[in-house]
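Excluded from the calculations below are hydrogen atoms, water molecules and symmetry mates; all remaining heavy atoms, backbone and side chain alike, are included.
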Amino acid sequence: QVQLVESGGGFVQAGGSLRLSCVASGFAFSDYAMGWFRQAPEKEREFVAATSWNSGVTDYADSVKGRFTISRDNALNTVYLQMNNVKPSDTAVYYCAAGPEGIATPDPRPYDYWGQGTQVTVSS
């Protein structure tokens, strides 16, 4: 049974930091690209960051470049999103996703598996 379980969300003040984690099980994690997406109220889901199967390639949305860092530990089947200098516009439900092509891409369509999400709320 495939599972992606996110954690680490919560309330944070603008300028603060959070670290999201996503633990995967039920598939060959080290073969998959991993991505983070987010969805704010009344908005469409949007790309945040992605990493290739071996961390060789990473990609970020322009809105988070220089503030967020995606990383993964294949030994622990875990992908992380370090969020620094957060802004109220970062408020959203954050989802991790797994893509079987192993390629970091901002396109959500190749991602087969999705977590349930973790809420991040940034106050001004």
Side-chain angles (χ1 to χ4, degrees):
Q1 180 182 0
V2 172
Q3 279 194 314
L4 294 172
V5 180
E6 302 97 336
S7 63
F11 291 88
V12 61
Q13 287 190 330
S17 297
L18 277 178
R19 189 194 197 201
L20 306 184
S21 299
C22 172
V23 179
S25 60
F27 63 98
F29 179 82
S30 60
D31 290 342
Y32 280 64
M34 295 299 298
W36 286 96
F37 293 78
R38 67 187 182 187
Q39 187 166 18
E42 301 182 356
K43 292 190 176 181
E44 293 188 354
R45 190 172 297 189
E46 66 174 3
F47 169 73
V48 176
T51 178
S52 61
W53 64 278
N54 64 350
S55 304
V57 176
T58 56
D59 193 13
Y60 296 92
D62 287 344
S63 59
V64 307
K65 277 181 184 175
R67 301 189 298 119
F68 291 9
T69 302
I70 188 171
S71 61
R72 65 189 296 163
D73 187 334
N74 286 347
L76 297 178
N77 284 5
T78 302
V79 62
Y80 305 96
L81 185 69
Q82 178 66 44
M83 306 168 61
N84 296 331
N85 190 24
V86 295
K87 304 175 181 180
S89 57
D90 295 322
T91 295
V93 177
Y94 283 72
Y95 300 89
C96 70
E101 299 300 321
I103 300 171
T105 174
D107 185 347
R109 291 172 294 179
Y111 292 88
D112 280 351
Y113 307 133
W114 292 80
Q116 292 301 304
T118 185
Q119 176 71 47
V120 171
T121 303
V122 182
S123 62
S124 57

[atom1] of [X] to [atom2] of [Y]: how many Å apart, nearest 0.5 Å?
{"X": "L81", "Y": "S71", "atom1": "CG", "atom2": "OG", "value": "8.5 Å"}
{"X": "T118", "Y": "Y95", "atom1": "OG1", "atom2": "OH", "value": "10.0 Å"}
{"X": "D73", "Y": "S30", "atom1": "CG", "atom2": "OG", "value": "11.0 Å"}

Nearest heavy-atom pair of [X] and [Y]: which atoms, and what distance?
{"X": "Y60", "Y": "T69", "result": "OH-CA, 3.4 Å"}
{"X": "T78", "Y": "S21", "result": "CG2-CB, 4.4 Å"}
{"X": "P88", "Y": "S124", "result": "CG-CB, 3.9 Å"}
{"X": "R38", "Y": "Y94", "result": "NH1-OH, 2.9 Å"}
{"X": "Y111", "Y": "A50", "result": "OH-CB, 3.5 Å"}
{"X": "N84", "Y": "S17", "result": "OD1-OG, 3.0 Å"}

>> Quick one: does any side-chain atom of Q82 pair with a main-chain N or O of R19 as donor and acceptor, under 3.5 Å?
In response: no
> Is the side chain of E6 donor-acceptor paired with the backbone N or O of Q116 at a distance under 3.5 Å, no angle test?
Replying inline: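 Indeed, once roles are kept as given, a pair shorter than 3.5 Å links the two residues.
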>> Just so I know, are the side chains of F27 and P100 near enough to count as touching, which here means a heavy-atom distance under 4.5 Å?
In response: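 Of all side-chain heavy-atom pairs linking P100 with F27, none is under 4.5 Å.
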> Checking side chain to side chain contact (heavy atoms under 4.5 Å, CB included) against I70, which of V48, D59, L20, T51 comes through?
Replying inline: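 Exactly one option meets the side chain to side chain contact (heavy atoms under 4.5 Å, CB included) with I70, and it is T51.
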> Regarding R72 and the six-membered ring of Y32, is the cationic atom NZ or CZ under 6.0 Å from the ring centre and inside 45° of its axis?
Replying inline: no
> Does the side chain to side chain contact (heavy atoms under 4.5 Å, CB included) test come out yes or no for D90 and R67, once each step is laid out?
Replying inline: CA-CA 11 Å; D90 295 322; R67 301 189 298 119; 2.8 Å; yes
> Which class fits the ring pair F37 and W114: parallel under 30°, tilted 30 to 60°, perpendicular over 60°?
Replying inline: tilted
Do the side chains of [X] and [Y] join up, straight or via other hydrophobic residues, at under 4.5 Å, putting them in one cluster?
{"X": "L18", "Y": "F68", "answer": "yes"}
{"X": "V120", "Y": "L4", "answer": "yes"}
{"X": "V93", "Y": "F47", "answer": "yes"}
{"X": "L76", "Y": "M34", "answer": "no"}
{"X": "F29", "Y": "Y80", "answer": "no"}

>> Other residues, nucleotides and ligands only: do more than 12 of their heavy atoms fall within 6.0 Å of CD on Q39?
In response: yes
> Is E46 atom CD crowded by more than 12 heavy atoms from other residues, nucleotides or ligands, each under 6.0 Å away?
Replying inline: yes
> Does the side chain to side chain contact (heavy atoms under 4.5 Å, CB included) test come out yes or no for Q119 and T91, once each step is laid out?
Replying inline: CA-CA 8 Å; Q119 176 71 47; T91 295; 4.1 Å; yes
